[in-house]
Visitor: 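I have a structure I would like to understand better, so I am pasting it below and will then ask my questions one at a time.
Side chains included, hydrogens not; waters and symmetry mates left out as well; all remaining heavy atoms used.
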Amino acid sequence: MTEADRARQAGLFPVDRHADTMLRDRDLLARAGHGHVDLPRLIDGNVALQVCAVVTTTPNKTAAPEDARLIEGVAARERLSRDLLSTMMLLQIAQRRPLGTWFDLETRALHQARRLKDFVAASEARRAEAPGAPLLLLIEDTDDLAELVRGRAGGEPAVGALLALEGARWIGGQGAPVEAGVERLVEAGFRMLAPTRRFDNASRPLARAATSWPG
(Lines give C-alpha, C1' and ligand atoms only; values in the text may rest on other atoms or scores of the structure.)
Protein backbone atom coordinates (compact mmCIF):
# COMPACT_ATOMS: atom_id res chain seq x y z
CA MET A 1 0.00 0.00 0.00
CA THR A 2 1.42 3.40 -1.00
CA GLU A 3 1.33 6.53 1.14
CA ALA A 4 -1.32 7.94 -1.18
CA ASP A 5 -3.44 4.84 -0.58
CA ARG A 6 -3.00 5.20 3.17
CA ALA A 7 -4.02 8.84 3.00
CA ARG A 8 -7.19 7.95 1.05
CA GLN A 9 -8.11 5.29 3.61
CA ALA A 10 -7.44 7.43 6.67
CA GLY A 11 -10.61 7.72 8.71
CA LEU A 12 -12.40 4.98 6.76
CA PHE A 13 -13.63 1.64 8.11
CA PRO A 14 -12.90 -0.83 5.29
CA VAL A 15 -14.75 -4.15 5.43
CA ASP A 16 -13.82 -7.27 3.46
CA ARG A 17 -17.01 -9.31 3.25
CA HIS A 18 -15.54 -12.66 2.28
CA ALA A 19 -12.45 -14.81 2.83
CA ASP A 20 -12.26 -18.62 2.98
CA THR A 21 -9.22 -18.60 5.26
CA MET A 22 -10.72 -21.03 7.79
CA LEU A 23 -10.84 -23.76 5.17
CA ARG A 24 -7.12 -24.40 5.30
CA ASP A 25 -4.74 -25.15 8.14
CA ARG A 26 -2.47 -22.14 8.09
CA ASP A 27 -1.63 -19.60 10.76
CA LEU A 28 -3.96 -16.60 10.46
CA LEU A 29 -1.60 -14.55 12.66
CA ALA A 30 1.51 -15.12 10.52
CA ARG A 31 2.35 -13.23 7.34
CA ALA A 32 2.21 -15.38 4.22
CA GLY A 33 2.60 -14.93 0.49
CA HIS A 34 -0.35 -17.15 -0.34
CA GLY A 35 -3.92 -17.69 0.77
CA HIS A 36 -6.72 -15.17 1.10
CA VAL A 37 -5.70 -13.13 4.14
CA ASP A 38 -3.70 -13.06 7.35
CA LEU A 39 -3.61 -10.58 10.22
CA PRO A 40 -0.36 -8.80 9.20
CA ARG A 41 -1.60 -8.20 5.66
CA LEU A 42 -5.01 -7.07 6.91
CA ILE A 43 -3.26 -4.54 9.14
CA ASP A 44 -1.10 -3.39 6.21
CA GLY A 45 -4.23 -2.96 4.08
CA ASN A 46 -6.05 -1.05 6.84
CA VAL A 47 -8.92 -3.58 6.80
CA ALA A 48 -11.12 -2.92 9.82
CA LEU A 49 -13.49 -5.90 9.64
CA GLN A 50 -12.94 -9.26 7.97
CA VAL A 51 -15.86 -11.59 7.34
CA CYS A 52 -14.56 -15.15 7.74
CA ALA A 53 -16.74 -17.36 5.59
CA VAL A 54 -17.19 -20.99 6.58
CA VAL A 55 -17.78 -23.49 3.78
CA THR A 56 -18.89 -27.03 4.54
CA THR A 57 -19.64 -28.57 1.15
CA THR A 58 -19.47 -27.99 -2.58
CA PRO A 59 -21.38 -29.54 -5.50
CA ASN A 60 -20.11 -32.85 -6.76
CA LYS A 61 -21.21 -34.65 -9.91
CA THR A 62 -20.19 -38.06 -8.60
CA ALA A 63 -22.98 -39.89 -6.80
CA ALA A 64 -22.19 -42.12 -3.84
CA PRO A 65 -22.41 -45.86 -4.51
CA GLU A 66 -25.50 -47.52 -3.11
CA ASP A 67 -23.51 -49.67 -0.70
CA ALA A 68 -21.33 -46.82 0.62
CA ARG A 69 -21.49 -46.82 4.42
CA LEU A 70 -20.36 -44.35 7.02
CA ILE A 71 -18.08 -45.57 9.76
CA GLU A 72 -20.45 -46.59 12.52
CA GLY A 73 -20.78 -43.93 15.19
CA VAL A 74 -19.08 -41.16 13.23
CA ALA A 75 -22.28 -39.47 12.06
CA ALA A 76 -26.01 -39.98 12.18
CA ARG A 77 -26.39 -40.58 8.45
CA GLU A 78 -26.61 -44.21 7.33
CA ARG A 79 -25.03 -43.73 3.92
CA LEU A 80 -22.46 -41.48 2.34
CA SER A 81 -24.28 -38.76 0.41
CA ARG A 82 -23.34 -36.99 -2.79
CA ASP A 83 -22.36 -33.77 -1.03
CA LEU A 84 -20.13 -35.55 1.48
CA LEU A 85 -18.07 -37.03 -1.35
CA SER A 86 -16.87 -33.57 -2.36
CA THR A 87 -13.62 -31.65 -2.40
CA MET A 88 -14.54 -30.38 1.08
CA MET A 89 -14.47 -33.93 2.42
CA LEU A 90 -11.13 -34.61 0.73
CA LEU A 91 -9.74 -31.38 2.20
CA GLN A 92 -10.63 -32.50 5.73
CA ILE A 93 -8.84 -35.81 5.16
CA ALA A 94 -5.77 -34.23 3.52
CA GLN A 95 -5.37 -31.80 6.44
CA ARG A 96 -5.90 -34.57 8.99
CA ARG A 97 -8.71 -32.74 10.66
CA PRO A 98 -10.80 -34.51 13.33
CA LEU A 99 -12.63 -37.57 12.03
CA GLY A 100 -16.05 -36.06 12.61
CA THR A 101 -15.30 -33.28 10.10
CA TRP A 102 -14.83 -35.86 7.37
CA PHE A 103 -18.47 -36.94 7.40
CA ASP A 104 -20.59 -34.37 9.22
CA LEU A 105 -21.29 -30.88 7.86
CA GLU A 106 -22.17 -29.30 11.18
CA THR A 107 -18.98 -30.65 12.73
CA ARG A 108 -17.02 -29.07 9.87
CA ALA A 109 -18.64 -25.69 10.53
CA LEU A 110 -18.08 -25.80 14.28
CA HIS A 111 -14.46 -26.87 13.84
CA GLN A 112 -13.73 -23.84 11.65
CA ALA A 113 -15.41 -21.57 14.21
CA ARG A 114 -13.21 -22.99 16.98
CA ARG A 115 -10.11 -22.38 14.87
CA LEU A 116 -10.98 -18.71 14.50
CA LYS A 117 -11.58 -18.39 18.24
CA ASP A 118 -8.19 -19.99 18.88
CA PHE A 119 -6.53 -17.35 16.69
CA VAL A 120 -8.38 -14.60 18.55
CA ALA A 121 -7.19 -15.98 21.88
CA ALA A 122 -3.62 -16.29 20.60
CA SER A 123 -3.60 -12.67 19.39
CA GLU A 124 -4.87 -11.51 22.80
CA ALA A 125 -2.07 -13.47 24.49
CA ARG A 126 0.52 -11.85 22.22
CA ARG A 127 -0.91 -8.41 22.98
CA ALA A 128 -0.60 -9.11 26.71
CA GLU A 129 3.08 -9.97 26.26
CA ALA A 130 3.83 -7.22 23.73
CA PRO A 131 1.60 -4.13 24.02
CA GLY A 132 0.96 -2.71 20.58
CA ALA A 133 0.98 -6.10 18.83
CA PRO A 134 -1.74 -6.56 16.19
CA LEU A 135 -5.04 -7.70 17.68
CA LEU A 136 -7.74 -9.92 16.19
CA LEU A 137 -11.17 -9.37 17.75
CA LEU A 138 -14.16 -11.69 17.38
CA ILE A 139 -17.24 -9.58 16.65
CA GLU A 140 -20.32 -11.13 18.26
CA ASP A 141 -22.38 -8.08 19.24
CA THR A 142 -22.56 -4.31 19.03
CA ASP A 143 -20.34 -3.92 22.10
CA ASP A 144 -17.55 -5.82 20.33
CA LEU A 145 -17.98 -3.63 17.27
CA ALA A 146 -17.91 -0.45 19.38
CA GLU A 147 -14.69 -1.65 21.04
CA LEU A 148 -13.12 -2.20 17.63
CA VAL A 149 -14.17 1.25 16.41
CA ARG A 150 -12.78 2.93 19.54
CA GLY A 151 -9.50 1.06 19.34
CA ARG A 152 -8.92 1.87 15.68
CA ALA A 153 -9.85 5.52 16.27
CA GLY A 154 -7.08 5.57 18.88
CA GLY A 155 -4.56 4.17 16.43
CA GLU A 156 -4.69 0.60 17.70
CA PRO A 157 -3.66 -2.07 15.13
CA ALA A 158 -6.79 -4.19 15.34
CA VAL A 159 -9.01 -6.13 12.95
CA GLY A 160 -12.46 -7.48 13.71
CA ALA A 161 -13.42 -10.98 12.58
CA LEU A 162 -17.04 -11.91 11.93
CA LEU A 163 -18.05 -15.54 11.38
CA ALA A 164 -20.39 -16.24 8.46
CA LEU A 165 -21.80 -19.59 7.39
CA GLU A 166 -22.27 -20.33 3.70
CA GLY A 167 -25.25 -22.64 3.84
CA ALA A 168 -26.75 -24.46 6.83
CA ARG A 169 -28.44 -27.18 4.84
CA TRP A 170 -28.27 -29.82 7.58
CA ILE A 171 -30.40 -27.87 10.07
CA GLY A 172 -33.80 -29.46 10.53
CA GLY A 173 -32.74 -32.64 8.75
CA GLN A 174 -34.20 -35.96 9.89
CA GLY A 175 -36.73 -34.08 12.01
CA ALA A 176 -34.14 -32.39 14.25
CA PRO A 177 -35.35 -29.16 15.91
CA VAL A 178 -34.48 -26.17 13.75
CA GLU A 179 -34.18 -23.79 16.70
CA ALA A 180 -31.62 -26.04 18.41
CA GLY A 181 -29.49 -26.16 15.27
CA VAL A 182 -29.53 -22.38 14.91
CA GLU A 183 -28.71 -21.91 18.59
CA ARG A 184 -25.62 -24.12 18.28
CA LEU A 185 -24.34 -21.87 15.51
CA VAL A 186 -25.01 -18.72 17.52
CA GLU A 187 -23.25 -20.23 20.52
CA ALA A 188 -20.26 -21.07 18.30
CA GLY A 189 -19.95 -17.41 17.31
CA PHE A 190 -21.67 -17.27 13.92
CA ARG A 191 -23.38 -13.95 13.20
CA MET A 192 -24.14 -14.30 9.48
CA LEU A 193 -26.05 -17.17 7.94
CA ALA A 194 -27.07 -18.13 4.42
CA PRO A 195 -29.84 -20.74 4.83
CA THR A 196 -28.92 -22.12 1.40
CA ARG A 197 -25.80 -22.14 -0.76
CA ARG A 198 -25.84 -24.22 -3.95
CA PHE A 199 -28.10 -26.77 -2.24
CA ASP A 200 -31.62 -26.81 -0.83
CA ASN A 201 -31.80 -26.67 2.94
CA ALA A 202 -33.22 -29.57 4.90
CA SER A 203 -36.15 -27.70 6.40
CA ARG A 204 -38.45 -24.84 5.42
CA PRO A 205 -38.63 -23.56 9.03
CA LEU A 206 -34.92 -22.70 8.77
CA ALA A 207 -35.79 -19.65 6.68
CA ARG A 208 -38.19 -18.47 9.39
CA ALA A 209 -35.65 -19.10 12.13
CA ALA A 210 -33.08 -17.01 10.26
CA THR A 211 -35.35 -13.97 10.54
CA SER A 212 -34.65 -13.88 14.27
CA TRP A 213 -30.86 -14.14 13.74
CA PRO A 214 -28.96 -11.88 16.18
CA GLY A 215 -27.89 -8.58 14.62
Side-chain angles (χ1 to χ4, degrees), residues 13-30 35-39 42-43 47-57 88 91-92 95 97-98 100-101 104-128 133-152 156-173 176-197 201-202 206-207 209-215:
F13 193 87
V15 177
D16 181 356
R17 297 189 297 172
H18 184 276
D20 290 327
T21 307
M22 294 300 103
L23 274 178
R24 292 170 177 81
D25 288 339
R26 46 184 299 269
D27 189 350
L28 183 59
L29 306 184
H36 282 200
V37 296
D38 52 59
L39 184 57
L42 289 171
I43 295 292
V47 175
L49 179 64
Q50 176 64 61
V51 176
C52 297
V54 168
V55 182
T56 59
T57 188
M88 290 299 103
L91 189 60
Q92 311 311 306
Q95 296 184 133
R97 288 191 169 179
T101 67
D104 185 76
L105 302 185
E106 182 177 16
T107 303
R108 287 182 196 173
L110 298 181
H111 178 74
Q112 292 179 62
R114 284 193 296 271
R115 289 192 67 242
L116 179 60
K117 288 184 174 180
D118 288 344
F119 286 129
V120 168
S123 78
E124 292 173 347
R126 291 183 184 182
R127 170 65 68 88
L135 185 63
L136 186 66
L137 295 171
L138 182 65
I139 304 301
E140 295 186 287
D141 54 34
T142 54
D143 289 340
D144 295 335
L145 187 58
E147 178 185 350
L148 174 64
V149 172
R150 285 193 301 270
R152 287 179 59 85
E156 184 176 78
V159 177
L162 193 147
L163 270 169
L165 182 63
E166 296 185 356
R169 65 184 306 252
W170 63 86
I171 294 182
V178 171
E179 292 78 6
V182 172
E183 282 300 320
R184 283 195 294 274
L185 293 176
V186 173
E187 195 172 309
F190 287 95
R191 291 299 181 268
M192 290 180 66
L193 166 69
T196 61
R197 180 183 181 269
N201 58 44
L206 175 57
T211 62
S212 58
W213 194 253

Visitor: For His36 and Asp20, work out which heavy atoms get closest and say how close.
Guide: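 So the minimum-distance heavy-atom pair works out to ND1-N, 2.9 Å.
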
Visitor: Search all heavy atoms of Leu165 against all heavy atoms of Thr56 and return the closest pair with its distance.
Guide: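 Nearest heavy atoms, Leu165 then Thr56: CD1-CG2, 4.3 Å.
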
Visitor: CZ of Arg97 to NE2 of His111: how many Å apart, nearest 0.5 Å?
Guide: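 Between Arg97 CZ and His111 NE2, I get 4.5 Å after rounding to 0.5 Å.
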
Visitor: Check whether any side-chain heavy atom of Leu145 sits under 4.5 Å from a side-chain heavy atom of Phe13, and report yes or no.
Guide: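 Side-chain contact under 4.5 Å: yes.
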
Visitor: So, does Gln95 use its side chain to make a donor-acceptor pair with the main chain of Leu23 at under 3.5 Å?
Guide: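 Confirmed, Gln95 side chain pairs with Leu23 backbone.
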
Visitor: Where is the tightest heavy-atom contact between Thr101 and Gln92, given as atom of each residue plus distance?
Guide: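 The answer is O-CG, 3.4 Å.
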
Visitor: Give a yes or no on whether the backbone of Leu163 and the side-chain of Arg191 come within a donor-acceptor separation of less than 3.5 Å.
Guide: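 Flag not set: sc Arg191 to bb Leu163 has no pair under 3.5 Å.
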
Visitor: Please name the pair of heavy atoms, one in Gly160 and one in Ile139, separated by the smallest distance, quoted to 0.1 Å.
Guide: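 Shortest heavy-atom separation between Gly160 and Ile139 comes out as CA-CG1, 3.9 Å.
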
Visitor: Minimum heavy-atom separation for Ala158 to Arg152, with atom names?
Guide: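 Heavy atoms of Ala158 and Arg152 come nearest at O-NH1, 3.0 Å.
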
Visitor: Distance from Leu185 atom CG to Glu183 atom CD, nearest 0.5 Å?
Guide: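 One gets 9.5 Å once the value is rounded to the nearest 0.5 Å.
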
Visitor: Could you tell me the separation between the CG atom of Leu28 and the CG atom of Leu116, rounded to the nearest 0.5 Å?
Guide: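 Nearest 0.5 Å value for the CG-CG distance: 7.0 Å.
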
Visitor: What is the minimum heavy-atom distance between Leu136 and Ala161, and which atoms define it?
Guide: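 Taking Leu136 first and Ala161 second, the nearest heavy atoms are CD1-CB, 4.0 Å.
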
Visitor: When you look at Asp144 and Leu138, which way does the side chain to side chain contact (heavy atoms under 4.5 Å, CB included) test go after all the steps?
Guide: CA-CA 7 Å; Asp144 295 335; Leu138 182 65; 5.9 Å; no

Visitor: If you measure from CG on Leu105 to CG on Leu110, what distance do you get to the nearest 0.5 Å?
Guide: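 Nearest 0.5 Å value for the CG-CG distance: 11.0 Å.
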
Visitor: Check whether any side-chain N or O of Gln112 sits under 3.5 Å from a backbone N or O of Val54 as a donor-acceptor pair, and report yes or no.
Guide: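 It does not hold such a pair.
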
Visitor: How long is the gap from CZ on Arg184 to CD on Glu187, to the nearest 0.5 Å?
Guide: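 These two atoms lie 9.5 Å from each other.
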
Visitor: With side chains defined as the heavy atoms from C-beta onward, is the minimum distance between Met192 and Arg17 less than 4.5 Å?
Guide: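 Of all side-chain heavy-atom pairs linking Arg17 with Met192, none is under 4.5 Å.
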
Visitor: Give, for atom CG of Asp27 and atom CG of Leu39, the distance between the pair rounded to the nearest 0.5 Å.
Guide: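 If I round to the nearest 0.5 Å, the distance is 9.5 Å.
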
